[in-house]
Amino acid sequence: VKLDGKTEIVRYIGVSVGVPGESYYRTSQLVNRSWVGDQTVLLERDGNDRDIDGRLLRYIYVDNQMVNAALLINGLARYMPHHANNRYDSVLFSAEESAREARRGIWDGDDIAEVRPA
């Protein structure tokens, strides 16, 4: 994001899209980019301001919709709790549970990780 004239990298609180090669990693990136790319977003801070890599830790909103929860409810990420950033733990947990029960995205049982030669 551009924040106060500076480019910052944001880490979404409470979600993990995995690493390259894992199920839905690339899909999550593309969907997220379509939702937030070139949009004005609202950033909400919780307990910790930054992670150990210096990225901002935030809940992200576009048009009053929390993107963190949207990724989870659509099965594009896994819930990843953190003790210091827990304001919306119940919302995020419920979003993942909904995706699991409906077998959406990574929970559909048919997806396999992308395979690449070493």
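- Taking every heavy atom of both residues into account, Val15 and Met80 meet most closely at O-CE, 3.9 Å.
- Within the 3.5 Å criterion, the main-chain N or O of Ser94 finds no donor-acceptor partner in the side chain of Ser98.
- Side-chain contact check for Tyr24 versus Asp108: some heavy-atom pair is nearer than 4.5 Å.
- When all heavy atoms of Trp35 and Ala70 are compared, the closest pair comes out as CZ3-CB, 3.7 Å.
- Under the 3.5 Å distance criterion, the side-chain polar atoms of Arg45 are left unmatched by any main-chain donor or acceptor of Leu56.
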Test Thr27 against Leu76 for side chain to side chain contact (heavy atoms under 4.5 Å, CB included), laying out the working first.
-> CA-CA 7 Å; Thr27 301; Leu76 297 170; 3.9 Å; yes
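- Thr7 OG1 to Lys2 NZ: the interatomic distance, rounded to the nearest 0.5 Å, is 3.0 Å.
- The two residues Ile73 and Ala99 come nearest to each other via the heavy atoms O-CB, 3.5 Å.
- One hydrophobic cluster holds both Leu57 and Tyr79 under the rule that ILVMFWY side chains link at heavy-atom gaps under 4.5 Å.
- Side chain of Asn32 to backbone of Ser28: no donor-acceptor contact under 3.5 angstrom is found.
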In sequence, state the C-alpha distance, the side-chain angles, and the governing distance for Trp107 and Glu96, and then conclude on side chain to side chain contact (heavy atoms under 4.5 Å, CB included).
-> CA-CA 9 Å; Trp107 310 111; Glu96 182 184 271; 3.8 Å; yes
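- Linking Ile, Leu, Val, Met, Phe, Trp and Tyr residues whenever their side-chain heavy atoms come within less than 4.5 Å places Val10 and Val36 in a single cluster.
- Following chains of ILVMFWY side-chain contacts shorter than 4.5 Å, one can reach Leu3 starting from Val41, so the two form part of one hydrophobic cluster.
- In summary, Asp53 and Arg55 engage in a salt bridge, as defined by a charged side-chain N under 4.0 Å from a carboxylate O.
- Distance alone, capped at 3.5 Å, places no donor-acceptor pair between the Asn85 side chain and the Asp46 backbone.
- One hydrophobic cluster, built from ILVMFWY side chains closer than 4.5 Å, cannot hold both Leu30 and Tyr12; they sit in different ones.
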Can you check side chain to side chain contact (heavy atoms under 4.5 Å, CB included) on Leu43 and Val1, steps first, answer last?
-> CA-CA 10 Å; Leu43 305 175; Val1 297; 4.1 Å; yes
Show me, pair by pair, the donor-acceptor contacts under 3.5 angstrom made by side chains of residues 61-68, not counting sequence neighbours?
{"unit_1": "Tyr61", "atom_1": "OH", "unit_2": "Glu44", "atom_2": "OE1", "d": "2.7"}
{"unit_1": "Asn68", "atom_1": "OD1", "unit_2": "Ile60", "atom_2": "N", "d": "2.8"}
{"unit_1": "Asn68", "atom_1": "ND2", "unit_2": "Ile13", "atom_2": "O", "d": "2.9"}
{"unit_1": "Asn68", "atom_1": "ND2", "unit_2": "Arg58", "atom_2": "O", "d": "3.3"}

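- For Asn86 (side chain) and His83 (main-chain N/O), a donor-acceptor pair under 3.5 Å exists by modelled atom type.
- Residue-environment remark: CD1 (Ile9) stays at or below the threshold of 12 foreign heavy atoms within 6.0 Å.
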Could you please spell out the steps behind the side chain to side chain contact (heavy atoms under 4.5 Å, CB included) verdict for Ile106 and Arg78?
-> CA-CA 9 Å; Ile106 60 177; Arg78 289 178 175 81; 3.5 Å; yes
